[in-house]
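Comments concern the structure below.
Since this is a predicted model, take the numbers as computed values, not measurements.
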Amino acid sequence: MKFKILTTFLILVLFSNFCIAKESLRELFQNGHANICSINIRNFNAKDLNHDEIIDANEVSGNFLNAIDRLDEIKNLHINTLHLLPITPTGKLKALGTAGSLYAISDFSSINPQLIDLTSTITAKEQAKLFIEECHKRGIFVIIDLPSCGAYDLFLDHPEYFVKNKKSVSIVPADWTDVRLFNTGKDDNLNEDLIQAHKNFIDMIISLGADGIRADVATIKPAKFWKELINYSREKNPNFMYLAEASDSWREPPSKFAVFTPYNKLLEVGFDGYYGSFFHLKHCKTH
């Protein structure tokens with residue numbers, strides 16, 4: 001009898017573990033089982049050999065291949081989802097600092113060369129894909145950040161993507177001086193050129209094996225803009241996850257030229273969840 005009970009218990013445990021392993025990221029998140037850690041590949045496993053807190057030209061910056069060396073460490077921390085800060089190229093014009101902000105996207109369809117091991121014989125996208133494959137081998141899902149605005153470099157190449165004032169000058173949202181505001185259009189008249197650019201990004205990261213997107217400042221794009229992208233993604237991968245940067249404390253856009261979509265509308269069009277910061281301190285309760 002004891003043997004039978006023990007055998008049954010072991011079968012149940014194995015079955016339970018099998019079910020957890022088979023959970024998609026969306027199911028994992030919706031069931032409250034997603035342990036998410038954000039990392040910046042550019043410095044995740046960089047080698048600051050002289051310990052001056054600067055990665056010099058003769059030192060090794062973080063890249064997709066050397067980041068693999070730390071994945072067992074991530075797994076041992078019981079993290080099952082990595083949120084990669086943007087992996088797309090950054091703008092150089094109007095850039096803040098020498099490296100540029102990861103959120104100043106200059107190309108939707110390629111990998112930031114700063115994240116690539118130049119000594120490797122495989123391509124940039126193959127390196128990114130290999131990193132994600134190694135994550136999956138360890139039971140770690142991967143979501144990739146989608147920047148909300150474009151670099152000034154991208155504005156010069158594709159002005160049709162951006163909001164312009166009466167003098168055809170691009171718009172700086174809030175104090176984000178290194179980026180320019182996208183012209184998403186509105187729910188009744190979306191900017192199809194910009195939607196296609198975002199679809200190119202989706203095609204790229206799905207081809208790399210990514211499990212979802214974290215949408216930076218998702219509130220400054222119309223609900224129908226997101227709905228089209230989410231539907232497009234889930235035709236390719238029904239379990240593709242969308243996580244919005246949003247907050248119930250956000251009540252206005254960062255620019256008078258931007259649209260504003262509250263968090264509840266984002267959930268209605270298919271986002272799996274949202275998170276953000278409470279910026280409006282005047283609305284905080286006093287204790």
Could you walk me through whether Leu194 and Asn183 satisfy the side-chain contact (heavy atoms from CB on, under 4.5 Å) test, starting with their C-alpha distance in whole Å, then the side-chain angles of each, then the deciding distance to 0.1 Å, before giving a yes or no? CA-CA 8 Å; Leu194 189 60; Asn183 176 18; 5.7 Å; no
Using 0.5 Å steps for rounding, measure from the [atom1] atom of [X] to the [atom2] atom of [Y].
{"X": "Ile116", "Y": "Asn112", "atom1": "CD1", "atom2": "CG", "value": "8.0 Å"}
{"X": "Ile220", "Y": "Cys149", "atom1": "CD1", "atom2": "SG", "value": "4.0 Å"}
{"X": "Leu190", "Y": "Glu228", "atom1": "CG", "atom2": "CD", "value": "6.5 Å"}
{"X": "Gln30", "Y": "Met241", "atom1": "CD", "atom2": "CE", "value": "8.5 Å"}
{"X": "Glu126", "Y": "Leu208", "atom1": "CD", "atom2": "CG", "value": "10.5 Å"}
{"X": "Ser207", "Y": "Lys236", "atom1": "OG", "atom2": "NZ", "value": "9.5 Å"}

For a side-chain contact (heavy atoms from CB on, under 4.5 Å) check, start with the C-alpha distance between Leu243 and Tyr275, then their side-chain angles and the critical distance, and finish with the verdict. CA-CA 8 Å; Leu243 182 60; Tyr275 74 97; 3.7 Å; yes
To check you understand the geometry: which heavy-atom pair defines the closest contact between [X] and [Y], and what is its length?
{"X": "Lys221", "Y": "Pro147", "result": "NZ-O, 4.3 Å"}
{"X": "Asp145", "Y": "Phe201", "result": "O-CZ, 3.7 Å"}
{"X": "Ala223", "Y": "Thr261", "result": "N-OG1, 3.6 Å"}
{"X": "Gly100", "Y": "Ala95", "result": "CA-CB, 4.1 Å"}
{"X": "Ser255", "Y": "Pro173", "result": "CB-CA, 4.1 Å"}
{"X": "Trp226", "Y": "Ala215", "result": "CH2-CB, 3.5 Å"}

Going hydrophobic residue to hydrophobic residue with side-chain gaps under 4.5 angstrom, can you get from [X] over to [Y]?
{"X": "Ile79", "Y": "Phe141", "answer": "no"}
{"X": "Phe271", "Y": "Val217", "answer": "no"}
{"X": "Ile39", "Y": "Leu77", "answer": "yes"}
{"X": "Phe108", "Y": "Val179", "answer": "no"}
{"X": "Ile111", "Y": "Leu130", "answer": "yes"}

For the backbone of [Y] and the side chain of [X], can you confirm whether one donor and one acceptor N or O come within less than 3.5 Å of each other?
{"X": "Asn189", "Y": "Gly185", "value": "no"}
{"X": "Ser106", "Y": "Pro89", "value": "yes"}
{"X": "Asp153", "Y": "Leu93", "value": "yes"}
{"X": "Arg214", "Y": "His83", "value": "no"}
{"X": "Arg234", "Y": "Gly270", "value": "yes"}
{"X": "Arg180", "Y": "Thr177", "value": "yes"}
{"X": "Asn191", "Y": "Glu160", "value": "yes"}
{"X": "Asn45", "Y": "Leu65", "value": "no"}

Determine, step by step, whether Ser101 and Leu96 satisfy the side-chain contact (heavy atoms from CB on, under 4.5 Å) criterion, reporting the C-alpha distance in whole Å, the side-chain angles of both residues, the deciding distance to 0.1 Å, and the verdict. CA-CA 6 Å; Ser101 168; Leu96 300 178; 5.6 Å; no
Result of checking Leu28, Asn35, Ile140 against Thr81 for side chain to side chain contact (heavy atoms under 4.5 Å, CB included):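 By the side chain to side chain contact (heavy atoms under 4.5 Å, CB included) criterion, Thr81 pairs with just one of Leu28, Asn35, Ile140: Leu28.
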With sequence neighbours left out, write down each residue that passes ring pair (Phe, Tyr, Trp, His ring centres under 6.0 Å) with Phe29, or none if nothing qualifies. none
With Phe240, which residues qualify under ring pair (Phe, Tyr, Trp, His ring centres under 6.0 Å), at least two apart? Tyr242
Show your working on side-chain contact (heavy atoms from CB on, under 4.5 Å) between Leu82 and Leu71 and close with a plain yes or no. CA-CA 10 Å; Leu82 281 180; Leu71 290 181; 3.9 Å; yes
In this structure, is the centre-to-centre distance between the rings of Phe225 and His198 below 6.0 Å?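 Yes: the rings meet the under 6.0 Å criterion.
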side-chain hydrogen bond (donor to acceptor under 3.5 Å, both in side chains): which pairs involve residues 128-143, sequence neighbours left out? Asp72-Arg138, Glu134-Lys137, Glu134-Arg138, His136-Asp211
Report yes if the side chains of [X] and [Y] come closer than 4.5 Å at any heavy-atom pair, otherwise no.
{"X": "Tyr232", "Y": "Asp203", "result": "yes"}
{"X": "Phe64", "Y": "Leu84", "result": "yes"}
{"X": "Phe260", "Y": "Trp250", "result": "yes"}

How about NZ on Lys265, more than 12 heavy atoms from neighbouring residues, nucleotides or ligands closer than 6.0 Å, or not?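 Open.
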Is the NZ atom of Lys92 crowded by more than 12 outside heavy atoms at less than 6.0 Å?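 Yes, the 6.0 Å shell around NZ holds more than 12 heavy atoms from other groups.
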Can you tell me if Asn264 and Tyr274 form a side-chain donor-acceptor pair at under 3.5 Å? no
Donor on one side chain, acceptor on other, Asn63 and Gln127, under 3.5 Å: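 There is no such pair (donor and acceptor under 3.5 Å, judged by atom type) between the side chains of Asn63 and Gln127.
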Sequence neighbours left out, what pairs pass ring pair (Phe, Tyr, Trp, His ring centres under 6.0 Å) with at least one residue falling in residues 150-171?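 Only Tyr152-Phe155, Phe155-Phe162, His158-Tyr161, Phe162-Phe182 qualify under ring pair (Phe, Tyr, Trp, His ring centres under 6.0 Å).
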Partner residues of Glu235 under the salt bridge (charged side-chain N to carboxylate O under 4.0 Å, His left out) criterion, sequence neighbours left out: none
Apart from Tyr103 itself, members of its ILVMFWY cluster (side-chain separation under 4.5 Å) are Leu85, Leu102
NZ/NE/NH1/NH2 to OD/OE distance under 4.0 Å, Asp178 and Lys94: no
